[in-house]
Amino acid sequence: MSINPEQLRYSKEHEWLSAPADGAATVGITSHAADALGDVVFVQLPEVGATVTAGETCGELESTKSVSDLYSPVGGEVTEVNQDVVDDPSLVNSAPFEGGWLFRVKVADEPSDLLSAAEYDAFIEN
Amino acid sequence: MSEPRRTALDALHRALGATMTDFAGWDMPLRYASEREEHQAVRTRAGLFDLSHMGEITVTGPQAGEALDHALVGHLSALAVGRARYTMICAPDGGILDDLIVYRLGEQEFMVVANASNAQTVLDAVALRAAGYDARVRDDREAYALLAVQGPQAPAIMKAVTDADLDGLKYYAGLPGTVAGVQALIARTGYTGEDGFELFVAPADAERLWQALTAAGEASGLVPCGLSCRDTLRLEAGMPLYGHELTASVTPFDAGLGRVVKFDKPGDFVGRTALGAAAERAADLPPRKLVGLVAQGRRVPRAGYPVTDASGAVIGEVTSGAPSPTLGRPIAMAYVDAAHAAPGTPGVAVDIRGSKEPYDVVALPFYRRER
């Protein structure tokens, strides 16, 4: 059984992307990625109005033991960042698909290789 | 790459759902659930660690103490039976090969505990240096599993499973005893800044002991703990880690630990000449000093990051850094130029991937338990 929500799409860099609503899609990292990082203690997110590029770095996720780049699964303009997760980075661990979302983006460019939930399950199994 | 080594508790760690990690060729538990909760458990209740990757070397014989006096920088022949000592083994040039704990188990028997990554180096060096003495050096890495119970509840948990005289067992002492029906060397040592015990047992007994301690600790909130929280615990306690604060390119004097070098012990010892020079150098012209840094912000320093002064000039380097669960802010140990080493020195920053983040210089340790 999948722990990854069916309605989302996934990148091989372990971000998830919601279907666009009100013109923007929501981006977060998967519970698989959050578990691998360990306790997240600091997040640096792109600024509202910034342009992000699919597959490129747009921030940082810092855990007790390491720092990891945050990639954007799509290209476009950042319309909103999650201030709650900046204030309390542990939301990334406790609610990666919900309160731990990271930013919203008006999608201008979407790679063709985003994965379905089933495809992502298979990807992280291997 | 050879297969990683596994401890006698490997199956148990997997059953507990541990995230495993390679550490010095061993497959070790990094954490079981949240490393921050494991850290807090050790500070407020108790934690149970598998440290079987540590390397044990037994030195026996009429001149075992003299052989260790020659091989190490400490005065081990003066150690009382039943006591333990923190010491180091240095290269002839004074560089630190490893930091060690040595237990005197009998008049003619010592156990040297080395870091996993250096165990072979230490074994080889001690064997070579003991050659001229009436002493035997034995590789006991396979003979022991090592469990540690650390935290304020550790004495109560231990008392539930042993009749050994724990109240008579001082900090940095060890005695043989029976714990949960298992023969053990019970040592009141640890690497977390808390009171606690390290239990050296036969690998075949390790699982039984782990289960007994888990059961005895259930009511007081004992949890299994991995290497990740061990690192933040020891960092808060200001304890150096080999490969970070201590390396072959620093002497004990450079690390601010010159007190472990006992020049007044009888006989010659490896590194004496170079260490004498290092001691003079440290007195005349202080080298970089090991200090504590506490972040004003939230970005975490990592080993190797530059430390800068108010003008942006590099004045040192971070050796270990992590978010401190106890302080709620990132902390680091760093070597900095003596001129900037005083607590409260203004303008000190850590260059975190291009961004100069302000840090306060503080005295070590960051955390000291109440006694």
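Just so we're on the same page: letters track the sequence lines, and every chain starts at 1.
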Considering residues, nucleotides and ligands other than [X], do more than 12 of their heavy atoms fall under 6.0 Å from its [atom1]?
X        : atom1 : value
B/Arg368 : CZ    : no
A/Gln44  : CD    : yes
A/Gln7   : CD    : yes
B/Glu218 : CD    : no
A/Asp22  : CG    : no

Main-chain N/O of A/Ser66 paired with B/Arg302 side-chain donor or acceptor, under 3.5 Å: yes

Quick check: does any side chain N or O of B/Glu35 sit under 3.5 Å from a backbone N or O of A/Asp39, one acting as donor and the other as acceptor? yes

One option among B/Ser34, B/Ala322, B/Pro325 has the most heavy-atom pairs under 4.5 Å with chain A, and it is B/Ser34

For B/Arg36, which atoms come within 4.5 Å of any heavy atom of chain A: side chain, backbone, both, or neither? both

Under 4.5 Å from any heavy atom of chain A, what part of B/Arg298 do you find: side chain, backbone, both or neither?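 Both parts, backbone and side chain.
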
Can you tell me how far apart CD (A/Glu60) and CD1 (B/Ile352) are? Round to the nearest 0.5 Å. 9.0 Å

To the nearest 0.5 angstrom, please state how far the CD atom of A/Glu62 sits from the CZ atom of B/Arg353.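 Answer for the CD-CZ pair, A/Glu62 versus B/Arg353, is 5.0 Å.
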
pair B/His39-A/Thr64: side-chain heavy atoms closer than 4.5 Å: no

Contact class of A/Asp35 relative to chain B, heavy atoms under 4.5 angstrom: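 Contact with chain B involves the backbone of A/Asp35 alone.
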
